[in-house]
A.B. asks: 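For reference, the structure I am asking about is given below.
Start at 1 with the first residue, then count along the sequence.
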Amino acid sequence: MQEPQTSVESAPNEQAVNEVNPQQTDSHEARIVELEAALEEAKAQVLYVKAEGENVRRRALDDIDKARKFALEKFSNELLAVKDSLDAALVVENADVSSYKNGVELTAKQLLGVFEKFNIAEINPLGEKFDPNKHQAISMVPAEGEPNTVLSVLQKGYALNERVLRPALVTVIQAK
């Protein structure tokens with residue numbers, strides 16, 4: 001059986017350990033201080049990136065909101081010229097029917113120019129095959145011609161960038 005070690009015997013071992021560890025302890029403490037500084041810097045970077053992300057998100061939402069508000073600004077400005085032409089026609093006092101007709105034709109051309117500029121296309125399907133995606137049949141009438149063909153257009157339709165804004169109201173030839 002071994003005798004328990006006394007404090008006198010263990011003291012030299014602790015002293016030997018303490019003699020070796022002072023340099024290691026200083027090295028470990030320096031490393032801890034270095035790692036703590038790196039951790040604080042990383043925390044600061046995370047906060048900065050988080051704040052920058054929030055700023056980007058807020059700016060994007062502001063941009064989307066402005067785009068919604070002012071999406072029609074260019075189109076509206078172009079329509080103002082058409083409105084001015086109509087107002088000018090109403091001011092004329094000594095005009096005859098032909099001058100009004102000429103003015104209306106010029107204003108219609110002006111409006112068509114605005115439509116072309118903004119990719120608004122007219123849907124006038126007279127004589128075409130009925131397409132429920134672009135046309136709305138008001139009635140079907142028995143007539144000569146191929147069934148399901150547009151016989152007459154009651155109201156033209158319009159498409160914006162090939163997406164139907166308003167379908168054309170049409171009468172279709174009925175199958176016999």
A.B. asks: Does any non-hydrogen side-chain atom of Leu86 lie less than 4.5 Å from one of Thr107?
C.D. replies: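 Contact flag for Thr107/Leu86 side chains = yes.
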
A.B. asks: Would you sort out whether Asn102 and Ser99 count as a side chain to side chain donor-acceptor pair (under 3.5 Å), showing the intermediate values?
C.D. replies: CA-CA 5 Å; Asn102 290 338; Ser99 66; over 6 Å; no

A.B. asks: So, taking the atom named CG in Leu165 and the one named CD1 in Ile123, what distance separates them when rounded to the nearest 0.5 Å?
C.D. replies: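 The CG atom of Leu165 sits 8.0 Å away from the CD1 atom of Ile123.
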
A.B. asks: Quick one: pull up CG in Leu111 and NZ in Lys83 and give me the separation to the nearest 0.5 Å.
C.D. replies: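 Going from CG on Leu111 over to NZ on Lys83, the span is 13.5 Å.
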
A.B. asks: If you define the side chain from C-beta out and look only at heavy atoms, does anything of Glu128 sit under 4.5 Å from Lys134?
C.D. replies: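 The answer is no, as the side chains (C-beta and beyond) never meet within the 4.5 Å cut-off.
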
A.B. asks: Could you tell me whether Glu34 atom CD has more than 12 heavy atoms of other residues or ligands within 6.0 Å of it?
C.D. replies: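 Atom CD in Glu34 is packed in, count exceeds 12.
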
A.B. asks: In Å, rounded to the nearest 0.5 Å, how long is the span from CD of Glu105 to CD of Gln110?
C.D. replies: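 Going from the CD atom of Glu105 to the CD atom of Gln110 covers 13.5 Å.
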
A.B. asks: Is the number of heavy atoms from other residues, nucleotides or ligands under 6.0 Å of Arg68 CZ greater than 12?
C.D. replies: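 Counting other residues, nucleotides and ligands, CZ of Arg68 stays at 12 neighbours or fewer.
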
A.B. asks: Could you check whether atom CD of Glu162 has more than 12 heavy atoms from other residues, nucleotides or ligands sitting under 6.0 Å from it?
C.D. replies: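 Result for CD/Glu162: open.
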
A.B. asks: Quick one: do Tyr158 and Phe118 end up in the same hydrophobic cluster if we chain Ile, Leu, Val, Met, Phe, Trp and Tyr together by side-chain heavy atoms under 4.5 Å apart?
C.D. replies: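 Tyr158 clusters together with Phe118.
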
A.B. asks: Apply the test side chain to side chain contact (heavy atoms under 4.5 Å, CB included) to residues Leu79 and Val114: give CA-CA distance (whole Å), side-chain angles for both, the deciding distance (0.1 Å), then the verdict.
C.D. replies: CA-CA 7 Å; Leu79 282 182; Val114 172; 4.2 Å; yes

A.B. asks: Once you measure the plane-to-plane angle for His135 and Phe130, does it fall in the parallel (<30°), tilted (30-60°) or perpendicular (>60°) bin?
C.D. replies: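 The rings of His135 and Phe130 sit tilted, inter-plane angle from 30° to 60°.
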
A.B. asks: Taking all non-hydrogen atoms of both residues, which atom of Val170 and which atom of Pro125 are closest, and how far apart?
C.D. replies: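 Closest approach of Val170 to Pro125: CG1-CG, 3.8 Å.
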
A.B. asks: Hey, could you give me the CG/CD1 distance between Asn161 and Ile120, rounded to the nearest 0.5 Å?
C.D. replies: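 Output value for this atom pair is 8.5 Å.
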
A.B. asks: Rounded to the nearest 0.5 Å, how far does CG of Leu106 lie from NZ of Lys109?
C.D. replies: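 Those atoms lie 6.0 Å apart.
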
A.B. asks: Would you give the length of the straight line joining atom NZ of Lys66 to atom CD1 of Ile64, rounded to the nearest 0.5 angstrom?
C.D. replies: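 Output value for this atom pair is 12.5 Å.
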
A.B. asks: Treat each ILVMFWY residue as a node, draw an edge where side-chain heavy atoms are under 4.5 Å apart, and state whether Val92 and Val82 are in one component.
C.D. replies: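 Not linked; separate clusters.
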
A.B. asks: Taking the side chain as C-beta and beyond, is there a heavy-atom pair between Glu54 and Lys50 under 4.5 Å?
C.D. replies: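 No, too far: nothing below the 4.5 Å cut-off.
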
A.B. asks: Do Val141 and Val172 belong to the same hydrophobic cluster, where Ile, Leu, Val, Met, Phe, Trp and Tyr are linked whenever their side-chain heavy atoms lie under 4.5 Å apart, directly or via other members?
C.D. replies: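 Unlinked, Val141 and Val172 end up in two clusters.
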
A.B. asks: Do Val164 and Val150 belong to the same hydrophobic cluster, where Ile, Leu, Val, Met, Phe, Trp and Tyr are linked whenever their side-chain heavy atoms lie under 4.5 Å apart, directly or via other members?
C.D. replies: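 Different hydrophobic clusters.
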
A.B. asks: Within the structure provided, determine whether Met140 and Leu151 are in side-chain contact (heavy-atom separation under 4.5 Å).
C.D. replies: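 Not in contact.
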
A.B. asks: Return the set of residues passing side-chain hydrogen bond (donor to acceptor under 3.5 Å, both in side chains) with Glu146 (not counting sequence neighbours), or none when no residue passes.
C.D. replies: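 Expected list: Lys129.
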
A.B. asks: Does the pair Lys43/Glu36 count as a salt bridge with the N-to-O cut at 4.0 Å?
C.D. replies: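 Between Glu36 and Lys43 there is no salt bridge, as every charged N stays at least 4.0 Å from the carboxylate O atoms.
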
A.B. asks: If I compare all heavy atoms of Ile173 with all of Glu144, which pair ends up nearest, and what's the gap?
C.D. replies: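 Scanning both residues, the minimum pair turns out to be CD1-O, 3.6 Å.
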
